2 protein chains.
Amino acid sequence: MAGPRVDDIYDQVKAMAVSFRLRPGDRLNEVALSKDLGVSRTPLREALNRLVAERLFDFRPGQGFFCRPLDAQSVFDLFELRQIIETAAARAACAKASDEDFQTLRNELYAKGIDITGLTIEEAVTRDEAFHLAIAKLSGNMELLQTLTRINERIRYIRWISMSLDRVQRSKGEHKQVMQALMDRDADEAARVLGAHITKRMDQVQDAVRHGISSIYMEGSEDISTRIIEEVQE
Amino acid sequence: MAGPRVDDIYDQVKAMAVSFRLRPGDRLNEVALSKDLGVSRTPLREALNRLVAERLFDFRPGQGFFCRPLDAQSVFDLFELRQIIETAAARAACAKASDEDFQTLRNELYAKGIDITGLTIEEAVTRDEAFHLAIAKLSGNMELLQTLTRINERIRYIRWISMSLDRVQRSKGEHKQVMQALMDRDADEAARVLGAHITKRMDQVQDAVRHGISSIYMEGSEDISTRIIEEVQE
DNA sequence: GCACACAGATCTGTATACAGTTTTGTATAT
DNA sequence: ATATACAAAACTGTATACAGATCTGTGTGC
């Protein structure tokens, strides 16, 4: 049988890194992990090298692979970059996407993000991310989409933590404004609202980070599986 | 002795891919290449996996590594993304960089890009790229810089070809405008001029690509080492 | 002349072994 | 008690071997 082993390993290790199941800064024990995954070190190291290129791991010659720590500056930079790319994507979408595209976006992803009561934080972030990625996709620029996807992977855990600290999802109204601006094909407005939305999130995240990024590493994990009770009235 | 073997292999293979010495679309023979480089397949494959993550190679399970072909759409997308990132970087630089930073930029990289007579096309593109990257660095956003660096690697060969077809470098006056706007800290003007500059380049490249991307693959190589004779008066 | 099938060669995918380095633990001296 | 030196254990880095998949080329049948 076989199947694409490296791709599977890559996905599994990436999932561990993204969810911080491997603690940032820690050295990765190749032998132990390869036994855990039931493969040998060779394909594991191949997968790890991909993740090094994606900046999810550090590689120090002679010492091995390290789960990459996320410092406050990197978090800020990644959010800023995300804002740059998403606002540009919204502008491009206004120019390039069809009315049908926007209808689909509204009916599928936007609609699913409205009521998140009863969802876990992980699920809520996933839906939020999906809406934002869908806009990026409507830009028609696959390289942009790919780049944003990578950025999202690196800050996903921070978004989980931030949301679990805040408890309440306040993006409903903002998403509505973004959706409206897109359907009006008002590029300036779409970029403005989306940019402000991300800035607000970034501020929340900065608070969380200031609160101590090291403590963030410890908790979590169970928090993202707690369910969201209520939603603010908009 | 030893030294970081994988990093070296990575650099060497990347250099081959970026300069299209490995022809796009071609399958890579691991045994042959590993013999060429004087290493075994194991570290070579590790390096190749990094390059897969950077989209310089494709990986098809069961078939191996393929030098990634650059289609017209990808070239367009990469240039568009480059424009988005660079204009945003210029805006950020206006807000964050110090006067001293701009002085250094002007005296070192800007000045070196003015007179390119006698340089090879490869050298001229390198200087152009260095100026643009320096602006990105002044944004203070290292993630942005990293992302742009990766994009540049993927379109470098196209820029070589485009410049060798055009023969004449017309960026002198445009760079001057960008430099001036930066020193005035006029973010809107800097973004506008830089954006227009990249758009112009993109148009030239699109012409080159329409001219036939397949023919582009064949020639080149020697063209980039031809020296630039004259420069337009500005 | 063309399509298909089969066999040989080639190449990829992974496990394993081993050399060399780094880390860890212990014992000794100050 | 602290620092240092040394030895043992653990781990990384790479080569190699082998199994399995893929490709290539030839020959046969239609």
Side-chain angles (χ1 to χ4, degrees), chain A residues 1-18 20-69 214 217, chain B residues 1-18 20-69 214 217:
Chain A
M1 243 277 289
R5 201 89 143 234
V6 176
D7 287 346
D8 290 345
I9 299 171
Y10 165 81
D11 287 338
Q12 289 181 60
V13 179
K14 180 190 256 183
M16 291 184 201
V18 165
F20 279 33
R21 279 199 49 209
L22 300 170
R23 278 185 317 182
D26 280 5
R27 177 209 300 231
L28 198 132
N29 189 323
E30 295 173 17
V31 178
L33 186 55
S34 66
K35 273 183 187 162
D36 266 15
L37 299 175
V39 296
S40 77
R41 284 173 57 218
T42 308
L44 171 60
R45 282 176 60 98
E46 291 187 7
L48 285 169
N49 271 285
R50 287 196 206 174
L51 295 166
V52 166
E54 295 183 10
R55 312 268 156 204
L56 280 167
F57 284 87
D58 278 332
F59 174 72
R60 297 182 218 161
Q63 294 177 274
F65 298 89
F66 292 76
C67 204
R68 186 169 237 258
S214 50
Y217 290 159
Chain B
M1 246 270 294
R5 202 88 144 236
V6 176
D7 288 345
D8 289 346
I9 299 171
Y10 165 80
D11 287 338
Q12 289 182 61
V13 179
K14 180 190 257 185
M16 290 184 202
V18 165
F20 279 34
R21 279 200 48 208
L22 301 171
R23 277 185 318 181
D26 279 5
R27 179 209 300 231
L28 198 130
N29 189 323
E30 296 173 16
V31 178
L33 187 55
S34 66
K35 272 183 186 161
D36 266 14
L37 299 175
V39 296
S40 78
R41 284 173 57 218
T42 308
L44 171 60
R45 283 177 59 98
E46 291 187 7
L48 285 170
N49 270 285
R50 288 196 205 173
L51 295 166
V52 166
E54 295 182 11
R55 313 264 156 207
L56 279 167
F57 284 87
D58 278 332
F59 174 72
R60 298 182 218 160
Q63 293 178 274
F65 299 90
F66 293 76
C67 205
R68 185 168 237 259
S214 50
Y217 290 160

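Please read all numbers here as calculations on a predicted model, not as lab measurements. We name chains A, B, ... by the order of the sequence lines, and we start the count at 1 in each one.
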Can you measure [X] atom [atom1] to [N] atom [atom2] for me and round it to whole angstrom units?
X: Phe59(B); N: dT22(D); atom1: CZ; atom2: P; answer: 12 Å
X: Glu30(A); N: dT14(C); atom1: CD; atom2: P; answer: 16 Å
X: Arg60(B); N: dG13(C); atom1: CZ; atom2: P; answer: 12 Å

Mind checking whether [X] and [Y] have side chains closer than 4.5 Å, heavy atoms only?
X: Asp8(B); Y: Leu37(B); value: no
X: Ser34(B); Y: Ile9(B); value: no
X: Asp58(B); Y: Pro69(B); value: yes
X: Arg68(B); Y: Phe57(B); value: no
X: Leu44(A); Y: Leu48(A); value: yes

Collect all protein-nucleotide pairs involving nucleotides 23-25 of chain D in which both atoms are nitrogen or oxygen and the distance is under 3.5 Å.
unit_1, atom_1, unit_2, atom_2, d
dC23(D), OP1, Gln63(B), NE2, 2.8

OP1 or OP2 of dA10(D) sitting under 4.0 Å from any side-chain N/O of Asn29(A)?
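Asn29(A) to dA10(D) OP1/OP2: no side-chain N or O under 4.0 Å.
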If the cut-off is 4.0 Å, is Arg5(A) near the phosphate of dA15(C), judged by side-chain N/O to OP1 or OP2?
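True: Arg5(A) side-chain N/O within range (under 4.0 Å) of dA15(C) OP1/OP2.
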Where Gly38(A) and Arg5(A) come nearest, the two heavy atoms and their spacing:
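That closest heavy-atom pairing would be O-NH2, 4.1 Å.
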Hey, are Asp11(A) and Arg50(A) close enough for a salt bridge, meaning a charged N less than 4.0 Å from a carboxylate O?
no
All side-chain hydrogen bond (donor to acceptor under 3.5 Å, both in side chains) counterparts of Arg41(B), not counting sequence neighbours
Glu30(B)
Positions of residues 41-58 of chain B (non-hydrogen atom under 4.0 Å from DNA chain C), listed by number:
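Nucleic-acid contacts, sorted: Arg41(B), Arg45(B).
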